[in-house]
Amino acid sequence: MVDVMGGSSRWDIKVHDHGFVSLVDCMPRMVPEGKTGDFAIVQAARVSYGQGTKQVSEDRGLVRYLMRHRHSTPFEMVEFKFHIAMPIFIARQWIRHRTANVNEYSARYSIMPDRFYRPDVENVRKQSKSNRQGGEGPIDAGTADEFLKLLEGAEANYQKYLELTERGVAREIARAVLPVSVYTEWYWKCDLHNIFHFLSLRMDPHAQIEIQEYARAMYELIKPIVPVASEAFEDYRLNAMHLTGLEIDAIRTGKPLATENKRETAEWEAKKARLGLA
């Protein structure tokens, strides 16, 4: 048996000035020599307990079949545990994925560290006109500078926060003066099926840039452990395209999309361009 993490206690990738994604454990940790963590996926799919007689090529074909046909349970047999530090505003997006076990740093018990996220000036984005929940392109330099100065003012509250706790204000209420740019930490454990779902959403170009960077770091850490599943994920999920019934009819008939919804039509036009049909 061999350790899929090579005997290391953690693998780390730095994100932004103060953030990181660290892989601290996984299951399976030990696999038969010559195998990867993908071994647990095919083992579960075949409902066997031994290495079996299947060839590596057959294992790869099975993993790809399972991904292609959305048979998710075998992928749930692989788990990863991460230690992550990120700004609170990213953590609040992240926690919406309710499929993991999470334990977060508690500002009720401990003083929040003096760490804040400050974007580069060129990454202060203007509101997207087509996406209500996202930004696109840099805003003018004057507005960006004003925003960054406001962040500095919010960070200045940190000293007041410390002073208040030293004067006896409970940590659980003193933290209310801190901005969402302050960093938090947590341990996040999740199975591979749900990690792939998280990554398919958060590595998407429409996701907020900051959380995309965390998602890409997470993916880089798991790929060496489950290379076959990762390859299948890229081929059948990440770089794939979903076509609706209306879109299939439009391709088959050559007629415009049968909808008056402007957003749906715009999405179809983007898909056509990607398919070379525009």
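Along the sequence shown, residues are numbered consecutively beginning with 1. Hydrogens, waters and symmetry mates are skipped; everything else that's a heavy atom, side chains included, is used.
In this structure, Ile139 belongs to a hydrophobic cluster whose other members, linked by side-chain heavy atoms under 4.5 Å apart, are Val121, Val124, Phe147, Leu148, Leu151. Listed by chain and number, the hydrophobic cluster partners of Met1 are Met30, where partners are ILVMFWY side chains within reach of under 4.5 Å, directly or through others. In the hydrophobic clustering, where aliphatic and aromatic side chains (Ile, Leu, Val, Met, Phe, Trp, Tyr) are joined below 4.5 Å either directly or transitively, Met27 stands alone.
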* Asked: Between Ile41 and Val228, is a side-chain contact (heavy atoms from CB on, under 4.5 Å) present by the stated rule, with each step listed?
  -> CA-CA 10 Å; Ile41 300 169; Val228 176; over 6 Å; no
* Asked: When you look at Met86 and Glu210, which way does the side-chain contact (heavy atoms from CB on, under 4.5 Å) test go after all the steps?
  -> CA-CA 9 Å; Met86 78 227 90; Glu210 287 81 3; over 6 Å; no
* Audit row: Ile95, Trp186, side-chain contact (heavy atoms from CB on, under 4.5 Å) steps and yes/no -> CA-CA 11 Å; Ile95 203 66; Trp186 63 31; 3.9 Å; yes
* Check step by step if side-chain contact (heavy atoms from CB on, under 4.5 Å) holds for Met5 and Val24. => CA-CA 9 Å; Met5 292 183 66; Val24 297; over 6 Å; no
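Placement of Ile211 and Tyr187 in two distinct hydrophobic clusters is found when ILVMFWY residues are connected by side-chain heavy-atom separations under 4.5 Å, directly or transitively. Under the 4.5 Å side-chain contact rule for hydrophobic residues, Val31 and Ile222 share a cluster. Val102 and Ile88 end up in the same hydrophobic cluster when Ile, Leu, Val, Met, Phe, Trp and Tyr side chains are linked at under 4.5 Å. In the hydrophobic clustering of ILVMFWY residues, with side-chain heavy atoms under 4.5 Å counting as a link, Ile209 and Ile90 come out apart. Both Met203 and Tyr214 belong to a single network of hydrophobic side chains, linked directly or stepwise wherever heavy atoms of I, L, V, M, F, W or Y lie under 4.5 Å apart.
For the pair Phe39/Pro32, a side-chain contact is recorded, criterion being any heavy-atom separation below 4.5 Å from C-beta on. When side chains are defined from C-beta on, Val182 does not count as touching Arg175, because their heavy atoms never get closer than 4.5 Å. Side-chain atoms of Met218 and Trp188, non-hydrogen and from C-beta on, do get closer than 4.5 Å to each other. In this structure the side chain of Gln208 reaches within 4.5 angstrom of the side chain of Arg125, judged on heavy atoms. Side-chain contact between Leu243 and Ile251 is present, with heavy atoms from C-beta onward closer than 4.5 Å.
Considering CG of Asp145 and OG1 of Thr143, their distance stands at 9.0 Å, rounded to 0.5 Å. To the nearest 0.5 Å, the span separating OG on Ser230 from CG on Leu199 amounts to 9.0 Å. Note that CG of Leu201 is 11.0 Å distant from CZ of Arg96, once rounded to the nearest 0.5 Å. Remark: Glu267 CD to Asn261 CG distance equals 8.0 Å, nearest 0.5 Å. A distance of 11.5 Å separates CE of Met112 from CG of Leu162, quoted to the nearest 0.5 Å. Atom CG of Asp191 is separated from atom NE2 of His197 by 11.5 Å, given to the nearest 0.5 angstrom.
A search for salt bridge (Lys or Arg N to Asp or Glu O under 4.0 Å) contacts involving Lys272 returns Glu269, not counting sequence neighbours. Legend: residues meeting salt bridge (Lys or Arg N to Asp or Glu O under 4.0 Å) with Glu166, ordered by chain and number and at least two apart, are absent. The salt bridge (Lys or Arg N to Asp or Glu O under 4.0 Å) search around Glu213 returns none, not counting sequence neighbours. Not counting sequence neighbours, the partners of Arg108 by the salt bridge (Lys or Arg N to Asp or Glu O under 4.0 Å) test are Glu172.
Checked by atom type and distance alone, the side chain of Arg171 never pairs as donor or acceptor with a backbone atom of Ala107 at under 3.5 Å. In this structure a side-chain-to-backbone donor-acceptor pair under 3.5 Å is present from Asp38 to Ala229. Lys271 places a side-chain N or O within donor-acceptor distance of the main-chain N or O of His242, the cut-off being under 3.5 Å.
Heavy atoms only, all atoms of each residue included: Ala232 and Met67 are closest at O-CG, 3.7 Å. Between Asn157 and Val177 the shortest heavy-atom distance is ND2-O, 3.4 Å. Between Cys26 and Ile225, the closest heavy-atom pair is SG-CD1, 4.1 Å. Nearest approach of Ala174 to Val169, heavy atoms of both residues: CB-CG1, 3.9 Å. Annotation for Asp12 and Leu221: closest pair N-CD2, 4.4 Å, computed over non-hydrogen atoms. The two residues Leu257 and Thr265 have their closest heavy-atom pair at CD2-CA, 4.2 Å.
Taking the six-membered ring for Trp and thresholds of 30 and 60 degrees, Tyr183 and His18 have ring planes more than 60 degrees apart, a perpendicular arrangement.
By the neighbour-count criterion of 12 heavy atoms within 6.0 Å, atom CG of Asn103 is sparsely surrounded, having that number or fewer from other residues, nucleotides or ligands. The 12-atom threshold is not exceeded at CD1 of Ile173, counting heavy atoms of other residues, nucleotides or ligands nearer than 6.0 Å.
With 3.5 Å as the limit, one finds a donor-acceptor pair spanning the side chains of Asp204 and His206. There is no side-chain donor-acceptor pair under 3.5 Å between Asp120 and Asn123.
The ring-ring contact (aromatic ring centres under 6.0 Å, His included) analysis of residues 150-181, with sequence neighbours excluded, yields the pairs Phe116-Tyr158, Tyr158-Tyr161. Residue pairs meeting the salt bridge (charged side-chain N to carboxylate O under 4.0 Å, His left out) criterion with at least one member in residues 14-30, sequence neighbours excluded, are Asp3-Arg29, Asp25-Arg29. Residues in residues 151-164 take part in these salt bridge (charged side-chain N to carboxylate O under 4.0 Å, His left out) pairs, two or more places apart or across chains: Arg118-Glu152, Arg118-Glu155.
We find that Arg92 and Glu104 are joined by a salt bridge, their nearest charged nitrogen and carboxylate oxygen being less than 4.0 Å apart.
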For residues 233-241, which side-chain N or O atoms pair as donor and acceptor with protein atoms under 3.5 Å away, sequence neighbours left out?
| residue | atom | partner | partner atom | Å |
| --- | --- | --- | --- | --- |
| Glu234 | OE2 | Tyr219 | OH | 2.7 |
| Asp235 | OD2 | Arg64 | NH1 | 3.0 |
| Asp235 | OD2 | Arg64 | NH2 | 3.0 |
| Tyr236 | OH | Arg64 | NE | 3.4 |
| Tyr236 | OH | Arg64 | NH2 | 2.9 |
| Tyr236 | OH | Arg68 | NH1 | 3.1 |
| Asn239 | ND2 | Glu234 | O | 3.3 |

Can you give each donor-acceptor pair under 3.5 Å made by side-chain atoms of residues 74-85, sequence neighbours left out, with the distance rounded to 0.1 Å?
| residue | atom | partner | partner atom | Å |
| --- | --- | --- | --- | --- |
| His83 | ND1 | Arg10 | NH2 | 3.2 |
| His83 | NE2 | Glu185 | OE1 | 2.8 |

